[in-house]
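Reminder, nothing fancy here: chain letters follow the sequence lines and each chain counts from 1. Just so it is clear, the values below take in all heavy atoms, side chains as well, and ignore hydrogens, waters and symmetry mates.
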Amino acid sequence: MNNREMADKFEAVAQFLEIKGEAIYRVLAYRKAAEALRDLSRDVAVIREEGNLEDIPGVGKAIAAKIEEMIDSGNLGYYEELAAEIPPDLLEMLAVDGVGPKRAAQFWQEAGILSLTELEAAAREGRLRELSGMGVRLEQKILSSIEAYKHRQTDRFLLGQAWDTAQSLEERLSKVEGVEQIELAGSLRRYRETVGDLDIVAGTGAPGLLLDTFSTMPEVERILGKGDTKVSVELYSGLKVQLWAHPREHFGSALQYATGSQAHNVRLREFALRQGLSLSEHGFKTEEGELIECPREEDVYCELGLPWIPPEMREDRGEIEAAQEGALPELIRVEDLLGELHAHSTWSDGKASIAEMASAAKELGMKYLVISDHSQSLGVAGGLTAAELKQQKTEILEVQAEIGSGIELLQGSEVEILAGGGLDFDDEVLGSLDIVIASLHTALQQDRETATQRVLNAIENSFVHIIGHLTGRLIGKRDPADLDLERIFMAAVEHNVILEINAHPDRLDLKDTHARRALDLGCLLAINTDAHHPSHLGFRHFGVGTARRAWARPEQIVNTWSLASLREWLSSRRL
DNA sequence: GCCGTTTTCGGCCCGACTGTTTTCAGTCG
């Protein structure tokens, strides 16, 4: 079993215990362990080998023993026991809005309902309204939530998909009368690779007007809930959006609250309690009941004696401790990036000419751009032969002459790491290029040892500078290749090979936790858009967001370096 | 079930909204 499968087991255990009505803190303990496993940047089996399971936050003796059991037997006896006691199909009901553990238990025990299908039938027959505490409206609400659940393709959207919607909503809402401040919050602000819903926070003197305006916008399909300070809607796209309207004096605490993550907020509130302060979206309450308002988000952290923590770090991954110790890293920013090292043109599968890509990059203020089209064997993408590379070089020089100073164009190639483990060009061709990116595109389903060895071969080739989108995943569509990341990261450090954070929102590969582990081990990273169109160069911020989630400092990202420094480093690689 | 600037026991974040209720339970973020 891998980390994620074990996390899913613990999540199911938590849900079983919740339905059983066990002490909520036992439930939370299993849930926390599940989260910890999902967040882990390393294979938990390796951590077990090292004897460090209990160093994982949220893992104590009991849960460590269960992890060992799952590693050794591929099974969890405790889960099996619970599944024998409680119908496992009940758990699916919990994914329906408005159905939580209490009602699931009630439906099962009082009405003999064993699955979501049976729940829907009972609701249609009007049998739910008979149950205690239930009524016609609740029955209707559950029925429509079941419909919505069945039509829902996925419960999370790609960050890139949600981004444009969020910008558009923010822009229009900022113009509503009375709105003084407005900001996007939630997992979008934290740059999580997927977002469950959009969260928007406004500081306004006219909350009613803002909430009304929002809930009647054309893209709103239905209102899920609406009160005096917040409204929650579902858009026709299926995306859910929550909008909070707070007085300006509460804007900072409201933004902090809505940004999350939930785990970060829980930790921060515990931290506040130890100082005798109760933190909520309205600000701090002292033990005497006095309210301390926080107009700016910085005020929340400042009141606790902490520096402001960047949203991307707020995942309860040690950021509060680091803030306490004054050890928060100075994170990379978009404006630190000086160049793009991975971009395509019409020479292979790009949609724009070298000249168009170059002027778009110059427009964005980039100092250098590497044209790195695909190599010969990637037929579907129109990969270039060695001879074509020479012709392309001529064009790059011509475009450089036309565009003049201000941006330097370099020639690279995104070279296939072949299924057999070799590279798609011989050393002579590789040596003629300014920069070589080696990537996996094919045979991504190979077993771990074979796939890992392929990447290691590329890393050991002294002509390779960068490994592109390491795992080859497409978020939600294609699973990552099964790789021994720890070995790969260590080899990259040993051989001075740079690992890419691919900024394309479909990829974000390396992902945040893996990038953080790579940095901890001493790897250098590059943030590349892999642009196939001039507009894709604008994906940079997604890569930067991912790097910030990995606590990356500018100097650890090679395309913050000047071209002179980068060239020097690249040439040292081939000595 | 976890964990320690209050602790190896006794705590464990906080409030809005809804629908069912006559003061609250359930769900959600």
Please measure how far the [atom1] atom in [N] lies from the corresponding atom in [M], and state the result in whole Å.
| N | M | atom1 | value |
| --- | --- | --- | --- |
| dT21(B) | dC17(B) | P | 22 Å |
| dC28(B) | dT23(B) | P | 25 Å |
| dA16(B) | dG11(B) | P | 26 Å |
| dT20(B) | dG26(B) | P | 14 Å |
| dC13(B) | dT18(B) | P | 25 Å |
| dG15(B) | dC9(B) | C1' | 29 Å |
| dG1(B) | dT6(B) | P | 27 Å |
| dC12(B) | dT5(B) | P | 16 Å |

[X] [atom1] - [N] [atom2] separation (whole Å):
| X | N | atom1 | atom2 | result |
| --- | --- | --- | --- | --- |
| Glu35(A) | dG1(B) | CD | C1' | 16 Å |
| Arg274(A) | dC13(B) | CZ | P | 11 Å |
| Ile320(A) | dT5(B) | CD1 | P | 14 Å |
| Glu18(A) | dG1(B) | CD | C1' | 14 Å |
| Phe271(A) | dG11(B) | CZ | P | 22 Å |
| Arg129(A) | dG19(B) | CZ | C1' | 15 Å |
| Gln256(A) | dG15(B) | CD | P | 14 Å |
| Asp316(A) | dC13(B) | CG | C1' | 13 Å |

Nearest listed nucleotide, side chain of [X], among [options]:
| X | options | value |
| --- | --- | --- |
| Ile63(A) | dT20(B), dG15(B), dC2(B) | dC2(B) |
| Glu270(A) | dA16(B), dC13(B), dT18(B) | dC13(B) |
| Val266(A) | dG15(B), dC13(B), dT18(B) | dC13(B) |
| Leu273(A) | dC14(B), dG1(B), dG19(B) | dC14(B) |

Taking only side-chain N and O atoms of [X], does any of them lie within less than 4.0 angstrom of OP1 or OP2 on [N]?
| X | N | result |
| --- | --- | --- |
| His282(A) | dA16(B) | yes |
| Ser278(A) | dC13(B) | no |
| Arg137(A) | dT20(B) | yes |

Basic-acidic side-chain contact under 4.0 Å: [X], [Y]:
| X | Y | result |
| --- | --- | --- |
| Glu321(A) | Arg267(A) | yes |
| Lys9(A) | Glu69(A) | no |
| Glu290(A) | Lys285(A) | no |

For this session: Mind running ring pair (Phe, Tyr, Trp, His ring centres under 6.0 Å) on Trp163(A) and Tyr191(A) for me, showing each step along the way?
Result: CA-CA 10 Å; Trp163(A) 192 265; Tyr191(A) 274 91; 5.3 Å; yes
Problem set entry | Is_stacked (Tyr25(A), dC12(B)) at 5.5 Å, 30 deg | yes
Exercise. Would you say Arg549(A)'s side chain and Arg190(A)'s backbone share a donor-acceptor pair under 3.5 angstrom?
Worked result: yes
Exercise. Is Gln556(A) reaching over with its side chain to a backbone N or O of Ala552(A), donor-acceptor style, under 3.5 angstrom?
Worked result: no
Seminar exercise, completed: Separation between CD1 (Ile475(A)) and CG (Leu158(A)), nearest 0.5 Å, reads 5.5 Å
Exercise. Can you tell me how far CG of Asp484(A) sits from CZ of Phe489(A), rounded to the nearest 0.5 angstrom?
Worked result: 9.5 Å
Problem set entry | dC17(B) pairs with, by Watson-Crick or G-U criteria that keep both distances under 3.5 Å | dG26(B)
Any protein N or O atoms within reach of nucleotides 27-29 of chain B? Criterion: under 3.5 Å, listing atom names and distances.
unit_1, atom_1, unit_2, atom_2, d
dT27(B), OP1, Gly100(A), N, 2.7
dT27(B), OP1, Gly100(A), O, 3.2
dT27(B), OP1, Arg103(A), N, 3.1
dT27(B), OP2, Lys102(A), N, 3.3
dC28(B), OP1, Gly98(A), N, 3.0
dG29(B), O3', Gln242(A), NE2, 3.3
dG29(B), N2, Tyr257(A), OH, 3.3
dG29(B), N3, Tyr257(A), OH, 3.4

For this session: Nearest-nucleotide wise, let me know which of Ser132(A) and Leu277(A) is further upstream toward the 5' end of DNA chain B.
Result: Leu277(A)
Problem set entry | Nearest-nucleotide comparison on DNA chain B, the residue closer to the 5′ end among Ser280(A) and Gln324(A) | Gln324(A)
Exercise. Between Glu147(A) and Arg222(A), is a salt bridge (charged side-chain N to carboxylate O under 4.0 Å, His left out) present by the stated rule, with each step listed?
Worked result: CA-CA 13 Å; Glu147(A) 305 258 337; Arg222(A) 61 192 187 117; over 6 Å; no
Problem set entry | Heavy-atom closest contact (Ala123(A) atom, Leu143(A) atom, distance) | CB-CD1, 3.8 Å
Contact class for [X] (heavy atom, under 4.0 Å): base, sugar-phosphate, or nothing?
| X | answer |
| --- | --- |
| Val136(A) | sugar-phosphate |
| Lys226(A) | sugar-phosphate |
| Val59(A) | sugar-phosphate |
| Leu28(A) | nothing |

